[in-house]
Amino acid sequence: MFKKAIDTYWSPYLVMAIAGVLSALYFGITGTVWAVTGEFTRLGGHILEWFGVDVSGWAYFNLVHMEGTTFTRTDGWIVWGMFIGALLMVLLSNNFKIRMPRQKRRLLQGLIGGFVAGFGARMALGCNLAAFFTGVPQFSLHAWLFIVATAVGTFAGAKIVGTSWWKGKPVLQKGNTAHIVKERKKIQPYIGGLIGLAYAGLIIYFYADGKTMLGTATLFGAGFGILIERGQICFTSAFRDLWISGRATMTKAITLGMAVSSVVTLIIIVAGGMDPVTKIAAPSTLIGGLLFGIGIVMAGGCETGMMYRLMEGQVVFLPVFIGNIAGATALAYGWDHLGIQKALVSMGKPVNLIEAMGPAWALILTLVLLAAGFVTAVLWQKNYRFGVGFKKGETHHVH
């Protein structure tokens with residue numbers, strides 16, 4: 001059974017349902033949500049500090065809290081845990097291989113896409129996690145605005161990457177030669193096992209040293225990393241595939257995961273008397289979501305997709321990662337220095353559905369909207385042919 005779990009990818013529906021439960025439990029334990037780009041922003045701030053830049057007066061860094069280092073923050077270990085969890089599964093399945101893009105322009109495109117996505121995510125105060133997958137179960141209005149804007153952005157992004165100037169000239173390779181593919185020596189699972197043991201030791205150390213929150217973040221981070229790699233979870237494909245091929249599997253899986261998470265999260269909020277995490281709903285949410293949607297399609301992957309693909313050895317996602325950090329850092333500068341906060345954020349306010357309409361109605365409305373999204377995705381997939389891009393019933397004649 002273990003071998004089967006390692007050698008095959010898991011159902012995205014099962015993966016997202018489990019991720020929904022884990023994200024709710026993580027919130028219940030720590031009071032924070034599963035997120036990544038906030039830590040990307042802090043990393044950018046630390047890099048600036050290493051180069052002697054004083055960022056202590058930057059309002060955005062004060063907003064996201066720069067205390068400590070990435071290795072002493074729970075958000076830091078969520079990120080590194082995701083990388084390590086994904087890497088573990090890649091190695092255990094003997095699937096790591098350095099993969100260079102056939103077109104070198106993809107490296108620059110990945111950097112640009114990552115920058116746009118990182119900038120947009122932090123303008124909206126969250127990415128595909130904090131402003132999407134974990135934002136909806138927190139019953140925060142800003143998450144719904146972000147989802148709509150991201151959908152529009154990915155549609156625009158799909159149009160951009162479909163142009164000839166973006167695609168460039170196709171790379172032709174010599175054919176007529178059969179290459180003998182040698183089976184890779186299975187040393188990777190042993191390396192993965194050693195890394196797993198070392199990481200387990202780190203988790204035990206944190207708990208034994210009284211650093212309970214770090215231990216929890218380290219544990220959950222690895223769990224999230226394992227899930228996104230085994231389920232090949234990418235929020236980019238959840239939208240992009242709808243516009244390009246009509247495929248809606250990832251869309252439906254993510255919607256299911258949010259529904260499960262919403263139910264569990266509400267139980268935790270009510271039973272534990274906890275305050276939900278609510279972000280500001282403002283024009284910045286819509287503009288940020290739009291930019292995020294465009295950026296992730298240009299980059300070829302969102303934050304979660306980037307993380308596990310980079311661990312698989314896909315080099316193109318290294319500039320995507322760098323671009324994410326650079327974009328988030330640029331937004332941090334522009335927040336007060338360029339007046340972004342004053343122009344696009346200051347008129348907004350945090351709106352939580354639980355406070356606005358009560359727990360029961362908040363959950364009902366959330367589940368109804370998610371159900372509507374799920375049904376829409378089912379119908380969309382049913383009425384569009386995979387890989388063709390026109391509705392069933394339409395006749396295209398070749399002259």
Side-chain angles (χ1 to χ4, degrees), residues 16-39 41 63-65 74-75 78-79 82 121-150 213 216-217 220-221 223-224 227 233 235 238 254-282 284-286 288-289 292 302-304 345 348-374:
M16 293 314 296
I18 295 174
V21 173
L22 289 183
S23 64
L25 293 177
Y26 182 72
F27 163 70
I29 295 171
T30 66
T32 59
V33 295
W34 175 25
V36 295
T37 53
E39 188 61 22
T41 311
L63 179 68
V64 298
H65 305 296
T74 55
D75 284 357
I78 279 290
V79 170
M82 288 175 68
R122 296 323 304 167
M123 177 182 287
L125 299 175
C127 60
N128 51 293
L129 294 176
F132 194 148
F133 188 75
T134 57
V136 168
Q138 291 293 324
F139 304 96
S140 182
L141 176 63
H142 93 287
W144 290 104
L145 299 178
F146 183 82
I147 289 173
V148 172
T150 297
M213 289 298 103
T216 301
F220 275 79
F224 291 135
L227 288 173
I233 303 301
F235 286 71
I254 291 171
T255 303
L256 173 65
M258 288 191 291
V260 171
S261 187
S262 296
V263 174
V264 180
T265 300
L266 184 63
I267 293 173
I268 290 172
I269 289 173
V270 174
M274 300 182 66
D275 293 324
V277 178
T278 309
K279 301 291 180 64
I280 295 174
S284 57
T285 312
L286 293 170
F292 178 76
C302 61
E303 278 69 18
T304 54
V345 187
K349 65 177 182 178
V351 178
N352 193 277
L353 299 181
I354 294 177
E355 298 172 355
M357 56 198 314
W361 283 110
L363 180 61
I364 291 171
L365 177 60
T366 297
L367 294 181
V368 167
L369 290 174
L370 290 173
F374 190 94

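All residue numbers refer to positions in the sequence shown, counting from 1. Values reported hereafter were calculated over all heavy atoms of this structure, with side chains retained and with hydrogens, waters and symmetry mates removed.
How far OG1 of T37 is from CG of L125: 9.0 Å, rounded to the nearest 0.5 Å. Here CG of L353 is found 13.5 Å from CH2 of W361. Values are rounded to the nearest 0.5 Å. Atom NE2 in H65 sits 10.0 Å away from atom CG in D75 (nearest 0.5 Å). With values rounded to the nearest 0.5 angstrom, T304 atom OG1 is found 10.5 Å from F132 atom CZ. Taken from CD in Q138 to CG in L266, the straight-line distance is 10.5 Å, to the nearest 0.5 Å. The line from CE of M258 to CD1 of I147 is 4.5 Å long, rounded to the nearest 0.5 Å.
When side chains are defined from C-beta on, E39 does not count as touching I78, because their heavy atoms never get closer than 4.5 Å. The side-chain heavy atoms of V21 and V260, taken from C-beta on, include a pair separated by under 4.5 Å. Put simply, the side chain of L363 reaches to within 4.5 Å of the side chain of V263, judged on heavy atoms. Between T74 and M213, the closest side-chain pair of non-hydrogen atoms falls below 4.5 Å. L227 is not listed as a side-chain neighbour of I233, based on a closest heavy-atom distance of 4.5 Å or more. Side-chain contact between F292 and N128 is present, with at least one heavy-atom pair separated by less than 4.5 Å. F133 is listed as a side-chain neighbour of W34, based on a closest heavy-atom distance under 4.5 Å. Contact check for I269 versus I354: side-chain heavy atoms found under the 4.5 Å cut-off.
Closest non-hydrogen pair, A35 versus A130, comes out as CB-CB, 3.8 Å.
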N/O donor-acceptor pairs under 3.5 Å from side chains in residues 22-29, not counting sequence neighbours:
from, atom 1, to, atom 2, distance (Å)
S23, OG, A19, O, 3.1
S23, OG, G20, O, 2.9
S23, OG, S261, OG, 3.3

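Checking T265, V33, N352 one by one against P276, the side-chain contact (heavy atoms from CB on, under 4.5 Å) holds for a single residue, N352.
The backbone N or O of L370 sits nowhere less than 3.5 Å from a side-chain atom of T255 that would complete a donor-acceptor pair. Listed for the T285 side chain is a donor-acceptor partner under 3.5 Å among the backbone atoms of I280.
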Pair L256, M16 - check side-chain contact (heavy atoms from CB on, under 4.5 Å), show working. CA-CA 7 Å; L256 173 65; M16 293 314 296; 5.8 Å; no
